[in-house]
Amino acid sequence: NNGDTLLYWWINAYVDLEGEQSDVVKQDIDKVFAWHRQTQLQDYAALLQKAKQQLNGNVTPQALDGLMDDVKARGQKVALHAAPQLADLARSLQPDQIGKLEEKFAKNNRDYRRKFMSGDAEQRKKIRYKKTMEQLKIWFGKFSNEQEDAIRSLSDARPLDNEVWLQERMRRQRTIVDLVKRVQAQRLDKPATMALIENTIRDTFKRLDTPERKANYDAQLKFYADIIRLTTPEQKAHAQQRMQGWIEDMNTLAREKQS
């Protein structure tokens with residue numbers, strides 16, 4: 001229910017929206033959220049139901065890979081649906097707003113380096129493990145000391161890929177900045193801008209499956225499958241209960257908009 005406001009704040013933090021531009025963005029966000037609520041939330045609930053059932057069996061890296069494919073397909077669908085609104089925003093940006101965008105990206109990258117790439121390898125592994133445990137506890141609740149030790153060993157065995165993720169982040173940022181600069185320099189009309197944005201969205205999602213990222217991606221899938229095998233029936237039930245709460249929320253939100 002607050003997602004539209006949060007998204008507006010997020011966009012504004014990157015480009016400092018102004019006057020009429022601000023009003024248009026708010027209206028466009030409302031349109032995308034209305035479509036999303038009416039057409040997508042029940043599908044997400046069904047996907048969560050599938051994931052919930054999978055926890056009853058042997059969760060393999062292949063099963064997680066299939067689930068992630070489902071998630072990526074839905075993410076791409078939302079991004080492509082928003083292409084007309086993104087095109088309007090890209091065409092409305094002024095040079096100082098593009099400069100603000102570049103500054104924000106640079107700050108984000110400095111923050112990432114400070115949080116996840118400072119210290120030696122052991123320190124970075126410890127930070128990564130701590131972040132992983134925070135996420136796992138949201139899903140599965142408490143872990144025993146023995147489980148946490150086992151997860152620490154699994155976590156430390158993974159390659160330190162912070163630099164890989166940072167380079168991917170920076171590549172996406174350059175793509176976005178180059179796109180909006182091209183739109184402005186060539187004074188592209190809306191159809192041309194939409195085509196450029198749609199191609200960028202597809203290329204971005206396609207990169208998730210490129211050979212240079214596959215090794216890291218496969219390692220992550222195996223890592224989380226190994227963790228799930230360590231969990232107890234009670235911990236799996238905790239995750240299923242959390243997913244059920246989200247399922248009910250999504251179905252409720254979808255009904256409220258339609259009624």
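One is the number of the first residue; the rest follow in order along the sequence.
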> Does one hydrophobic cluster hold both Phe105 and Met170, with members joined at side-chain heavy-atom distances below 4.5 Å?
Replying inline: no

> Is Ile138 isolated, or which residues cluster with it under the ILVMFWY side-chain rule of less than 4.5 Å, directly or via members?
Replying inline: none

>> Which residue in the set Arg113, Lys115, Lys107 passes salt bridge (charged side-chain N to carboxylate O under 4.0 Å, His left out) when paired with Asp111?
In response: Lys107

>> For Asn145, give me all partners under side-chain contact (heavy atoms from CB on, under 4.5 Å), at least two apart in sequence or on another chain.
In response: none

> Checking salt bridge (charged side-chain N to carboxylate O under 4.0 Å, His left out) for the pair Asp96/Lys100: CA distance, chi angles, key distance, verdict?
Replying inline: CA-CA 6 Å; Asp96 60 328; Lys100 166 75 174 179; over 6 Å; no

> Closest heavy-atom contact between Pro84 and His81?
Replying inline: CD-O, 3.3 Å

>> Test of understanding: with side-chain contact (heavy atoms from CB on, under 4.5 Å), list the residues that count as partners of Asn162, not counting sequence neighbours.
In response: Tyr112, Phe116, Met117, Leu160

> Going by atom types only, do Arg255 and Gln42 share a side-chain donor-acceptor pair under 3.5 Å?
Replying inline: no

> Any idea which heavy atoms bring Ser118 and Arg124 closest together, and the distance?
Replying inline: O-CG, 3.4 Å

>> Please find the pair of heavy atoms, one from Gln235 and one from Leu230, that lie closest to each other, and give the distance.
In response: OE1-O, 4.4 Å

> Stepwise, does the salt bridge (charged side-chain N to carboxylate O under 4.0 Å, His left out) test hold for Asp69 with Lys72?
Replying inline: CA-CA 5 Å; Asp69 283 344; Lys72 288 184 288 186; 3.4 Å; yes

>> Between Gln167 and Glu163, does the side chain to side chain donor-acceptor pair (under 3.5 Å) criterion hold? Intermediate values first, please.
In response: CA-CA 6 Å; Gln167 291 304 318; Glu163 183 65 36; 2.6 Å; yes

> Who passes side-chain contact (heavy atoms from CB on, under 4.5 Å) against Asn58, sequence neighbours left out?
Replying inline: Thr60, Arg229

>> Testing the basics here: between Gln240 and Asn56, what is the closest heavy-atom pair and its distance to 0.1 Å?
In response: NE2-OD1, 2.9 Å

>> I need the Leu136 CG to Ile228 CD1 distance, nearest 0.5 Å.
In response: 9.0 Å

>> If hydrophobic clusters are built by linking Ile, Leu, Val, Met, Phe, Trp and Tyr wherever their side-chain heavy atoms come under 4.5 Å apart, do Val180 and Met194 end up in the same one?
In response: no

>> Quick one, Tyr217 with Asp161, criterion side-chain contact (heavy atoms from CB on, under 4.5 Å). Give me CA distance, side-chain angles, the key distance, then yes/no.
In response: CA-CA 10 Å; Tyr217 180 66; Asp161 54 5; over 6 Å; no

> Hey, what do you get for NZ (Lys222) to CD (Gln62), rounding to the nearest 0.5 Å?
Replying inline: 11.0 Å

> What pairs with Lys130 under side-chain contact (heavy atoms from CB on, under 4.5 Å), at least two apart in sequence or on another chain?
Replying inline: Glu134

> Applying the 4.5 Å side-chain criterion to the ILVMFWY set and letting contacts propagate, would Val24 and Leu86 be lumped into a single cluster?
Replying inline: no

Which pairs would a plain distance check flag for residues 184-192, meaning a side-chain donor or acceptor within less than 3.5 Å of a matching protein atom at least two apart in sequence or in another chain?
residue, atom, partner, partner atom, Å
Gln184, NE2, Ala90, O, 2.8
Gln184, NE2, Arg91, O, 3.1
Gln184, NE2, Leu93, O, 3.1
Asp189, OD1, Ala192, N, 2.9
Lys190, NZ, Asp88, OD1, 3.3
Lys190, NZ, Asp88, OD2, 3.1

> For the hydrophobic clusters of this structure (ILVMFWY residues joined by side-chain heavy atoms under 4.5 Å, transitively), does one cluster hold both Ile29 and Val32?
Replying inline: no

> Taking everything shown except Gln135 itself, do over 12 heavy atoms lie less than 6.0 Å from its CD?
Replying inline: yes

> Between Gln21 and Gln94, do the side chains contain an N or O donor and an N or O acceptor separated by less than 3.5 Å?
Replying inline: no

>> Running the 4.5 Å side-chain criterion over Ile, Leu, Val, Met, Phe, Trp and Tyr, what cluster does Leu67 land in, apart from itself?
In response: Leu47, Val71

>> To the nearest 0.5 Å, what is the distance between NZ on Lys52 and CD on Gln241?
In response: 9.5 Å

> If you round to the nearest 0.5 Å, how far is CD of Gln220 from OH of Tyr224?
Replying inline: 5.5 Å

> Passes side-chain contact (heavy atoms from CB on, under 4.5 Å), Thr252 versus Glu256? Steps please.
Replying inline: CA-CA 6 Å; Thr252 298; Glu256 285 177 355; 3.6 Å; yes

List the atom pairs, with distances to 0.1 Å, where a side-chain N or O of residues 196-206 and a protein N or O form a donor-acceptor pair under 3.5 Å, not counting sequence neighbours.
residue, atom, partner, partner atom, Å
Asn199, ND2, Ala195, O, 3.3
Thr200, OG1, Leu196, O, 2.9
Thr204, OG1, Thr200, O, 2.8

>> Please determine whether a side-chain nitrogen of the Lys or Arg among Lys26 and Asp30 lies less than 4.0 Å from a carboxylate oxygen of the Asp or Glu.
In response: no

> So which pairs with a foot in residues 125-171 pass ring pair (Phe, Tyr, Trp, His ring centres under 6.0 Å), sequence neighbours left out?
Replying inline: Trp139-Trp246

> Just how far is it from atom NZ of Lys125 to atom CZ of Arg152, taken to the nearest 0.5 Å?
Replying inline: 8.5 Å

> Do you know which two heavy atoms are closest between Pro159 and Arg128, and how far apart they sit?
Replying inline: O-NH1, 2.8 Å

>> Check whether Ser155 reaches the backbone of Ile151 with its side chain - one donor and one acceptor, N or O, closer than 3.5 Å.
In response: no

Show me the side-chain donor-acceptor pairs of residues 2-18 shorter than 3.5 Å, one per line, residues at least two apart or across chains.
residue, atom, partner, partner atom, Å
Tyr8, OH, Ser22, OG, 2.4
Asn12, OD1, Leu17, N, 2.8
Tyr14, OH, Asn108, ND2, 2.8

> With no hydrogens and no angle check, do the side chains of Glu248 and Gln244 hold a donor and an acceptor under 3.5 Å apart?
Replying inline: yes

>> Considering only residues two or more places apart or on different chains, which pairs with a residue in residues 165-176 satisfy salt bridge (Lys or Arg N to Asp or Glu O under 4.0 Å)?
In response: Glu168-Arg171, Glu168-Arg207, Glu168-Arg213

> Any salt bridge (Lys or Arg N to Asp or Glu O under 4.0 Å) pairs touching residues 73-84, not counting sequence neighbours?
Replying inline: Asp43-Arg74

> What's the spacing between Asp65 CG and Asp70 CG if we round to 0.5 Å?
Replying inline: 10.0 Å

>> On a heavy-atom basis, which atom in Gln173 and which in Asn109 lie closest, and how many Å separate them?
In response: OE1-ND2, 2.8 Å

> Going hydrophobic residue to hydrophobic residue with side-chain gaps under 4.5 angstrom, can you get from Leu55 over to Met68?
Replying inline: yes

